[in-house]
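Each chain gets a letter, A, B and so on, in the order the sequences are listed, and its residues count up from 1. Values below: all heavy atoms of this structure, side chains included; hydrogens, waters and symmetry mates excluded.
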Protein chains: 2
Amino acid sequence: MGRWMPDAAGRLSRAALELYEERGFEDTMVAEIAERAGLTKRTFFRHFPDKREVLFPLSARIHEVIVDAMAAAPADRSPLAVVMEGYDAAVDMVNKGHAQARRRRAVIMANPELLERQLTKFAATSAAVTEALCERGVARRVAFLTAAAGAAAWRDARECWIEGPETQDLHALLRESVAELRSAVAAPLAR
Amino acid sequence: MGRWMPDAAGRLSRAALELYEERGFEDTMVAEIAERAGLTKRTFFRHFPDKREVLFPLSARIHEVIVDAMAAAPADRSPLAVVMEGYDAAVDMVNKGHAQARRRRAVIMANPELLERQLTKFAATSAAVTEALCERGVARRVAFLTAAAGAAAWRDARECWIEGPETQDLHALLRESVAELRSAVAAPLAR
DNA sequence: TATCCGATGACATTGAGTGTCATCACTAGG
DNA sequence: CCTAGTGATGACACTCAATGTCATCGGATA
């Protein structure tokens, strides 16, 4: 057996989610999270840069998955198609954890600081997508707007998925959201 | 003459921008900002909820302007047209301060915490726009996606405006961004 | 004149986040 | 078997953002 219990970051992550549910984010101190995980406050900050980040342990890997899938897309696809290819790949990472996703969502929605951090996560993904498009030769401005459209569809679909039953297909929801977005953006600007 | 120097919030805002430029956000302490404004740290926090918020003094009024303009739009306009009506109204508030906008942008871009707060501001505007659309009878999901599209165009246009010469017309840039977004979203999803 | 109000200062306190050094099981080289 | 090194952790002190509380005092009001 190792010198320390395994998966310190995972223990911290789980303890944090539990405590944020029990007492709320504001009324939970980092020292308490660490204690429940059998560690100290100082060690918490060796695994996570701050008290908010502990709720988003997957975001780094999601970026990789999306960017990789985009890189694998055939060269003749439209920018939007490439972006959706990326998000479709991300679906498979997220798909398993419906219950988990609901718990995290409830905690996040209850606190402005956590909502703010979640926005940063969406924006970071969007920035990675923008960059990936640029590397394919898409003009920066088009890349930014396409990434923003994809992010909007992703957020919309994810919201429906979390609110609805676990059996829903996130791929299908994503296609629906894109279709809705298309018709919304195609609407006339003047009479 | 009054008992205190007038416009405490404005003095704090200006002092903060100066200090963030001189030393950077991280290395500026709230007590220093307050001192330069002739006030105390405690009074800073009576005018702004935190050290980041002091860089976004106009955002609350911008929301009002946008929502009011949307409410004034004729009932037969498409959701996207209504949203653009709102942002067009916001242009006139922002248009004057090109130099100021550049200074703030430079400070914000140099610090992750400020970028995060800026995202929250864009998101708050977007949420207000979504709500205004819902009150017009637009379905929530369509409202969200349309608001997201408008926000993307707004950010894109604003970026171009700040980077370019002061003489540029932000209204025109906004129309350009919408046109770009339209063609990007209209692209085919499959071969 | 007496009273209240509203912005501010003064002071104390909490808790997030960081720097620094010690600890100690495990590992590799001799 | 011994020894030096490594890496995750604990212990401790410290800074600073943010908040609660009470005192102050010029001006407005009755």
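The CD atom of A:Glu32 sits 13 Å away from the C1' atom of C:dA16 (whole-angstrom rounding). One atom, CD of A:Glu113, and another, C1' of D:dA17, lie 11 Å apart when rounded to the nearest Å. In this structure, the CG atom of A:Asp27 is 15 Å from the C1' atom of C:dA16, given to the nearest Å. Regarding A:Phe48, its CZ atom lies at a distance of 11 Å from the P atom of D:dT9, rounded to whole Å. Between B:Phe25 atom CZ and D:dA17 atom C1' the separation is 10 Å, expressed in whole Å. In this structure, B:Asp50 places its CG atom 13 Å from P of C:dG17, rounding to the nearest Å. Distance B:Asn111 CG to D:dA17 C1': 14 Å, rounded to the nearest Å. Straight-line distance from the CZ atom of A:Arg117 to the C1' atom of C:dA16: 13 Å, rounded to whole Å.
Contact check, A:His47 against D:dT9: a side-chain N or O comes under 4.0 Å of OP1 or OP2.
Within the structure, side-chain hydrogen bond (donor to acceptor under 3.5 Å, both in side chains) pairs that include any residue of residues 78-90 of chain B comprise B:Arg77-B:Glu85, B:Asp88-B:His171 (at least two apart or interchain). Pairs engaging residues 126-135 of chain A under the side-chain hydrogen bond (donor to acceptor under 3.5 Å, both in side chains) rule: A:Glu131-A:Arg140 [sequence neighbours left out]. Among residue pairs with one or both ends in residues 55-72 of chain B, none qualify as salt bridge (Lys or Arg N to Asp or Glu O under 4.0 Å); sequence neighbours excluded.
Using a distance-only test at 3.5 Å, with no hydrogens or angles considered, no donor-acceptor pair links the side chain of A:His98 to the main chain of A:Gln168.
Under a 4.5 Å side-chain heavy-atom cut-off, the cluster of Ile, Leu, Val, Met, Phe, Trp and Tyr residues that includes A:Met5 has no other member.
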Atom pairs and distances, side-chain donor-acceptor, residues 177-188 of chain B, under 3.5 Å, sequence neighbours left out:
from	atom 1	to	atom 2	distance (Å)
B:Ser177	OG	A:Arg141	NH2	3.0
B:Ser177	OG	B:Asp156	OD2	2.9
B:Ser177	OG	B:Ala157	N	3.4
B:Ser177	OG	B:Leu173	O	3.2
B:Arg182	NH2	A:Ala186	O	3.1
B:Arg182	NH2	A:Ala187	O	2.3
B:Ser183	OG	B:Glu180	O	3.2

Would you mind writing out the side-chain donor-acceptor pairs for residues 28-39 of chain A within the sub-3.5 Å range, not counting sequence neighbours?
from	atom 1	to	atom 2	distance (Å)
A:Thr28	OG1	A:Leu19	O	3.3
A:Thr28	OG1	A:Gly24	O	2.8
A:Glu32	OE1	A:Arg23	NH1	3.0
A:Glu32	OE1	A:Met29	N	2.8
A:Glu32	OE2	A:Arg23	NH1	2.1
A:Arg36	NH1	A:Glu18	OE1	2.9
A:Arg36	NH1	A:Glu22	OE2	3.0
A:Arg36	NH2	A:Glu22	OE1	3.2

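With sequence neighbours excluded, the residues forming a side-chain contact (heavy atoms from CB on, under 4.5 Å) with B:Ala128 are B:Val67, listed by chain and number. Residues that satisfy the salt bridge (charged side-chain N to carboxylate O under 4.0 Å, His left out) test with B:Lys51, not counting sequence neighbours, are absent from this structure. For B:Ala172, the side-chain contact (heavy atoms from CB on, under 4.5 Å) partners two or more places apart in sequence, or in a different chain, are B:Asp169, B:Arg175.
Contact annotation for A:Ala8: backbone-only contact, meaning every heavy-atom pair under 4.0 Å involves sugar-phosphate atoms and none involves a base.
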Are there any protein N/O atoms within less than 3.5 Å of an N/O atom in nucleotides 2-7 of chain D, and if so, which ones and at what distance?
from	atom 1	to	atom 2	distance (Å)
D:dG7	N2	A:Arg3	NH1	2.5

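For the helix from C:dT1-D:dA30 to C:dG30-D:dC1, the end axes, each set by the C1' atoms of five terminal pairs, are bent relative to each other by 10° (nearest 10°).
Side-chain contact check for A:Leu115 versus B:Thr120: every heavy-atom pair is 4.5 Å or farther apart.
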Take nucleotides 10-16 of chain D nucleotide by nucleotide from the 5' end and write B, S or -, depending on whether a protein heavy atom sits under 4.0 Å from the base, only from the sugar-phosphate, or from neither. BB----S
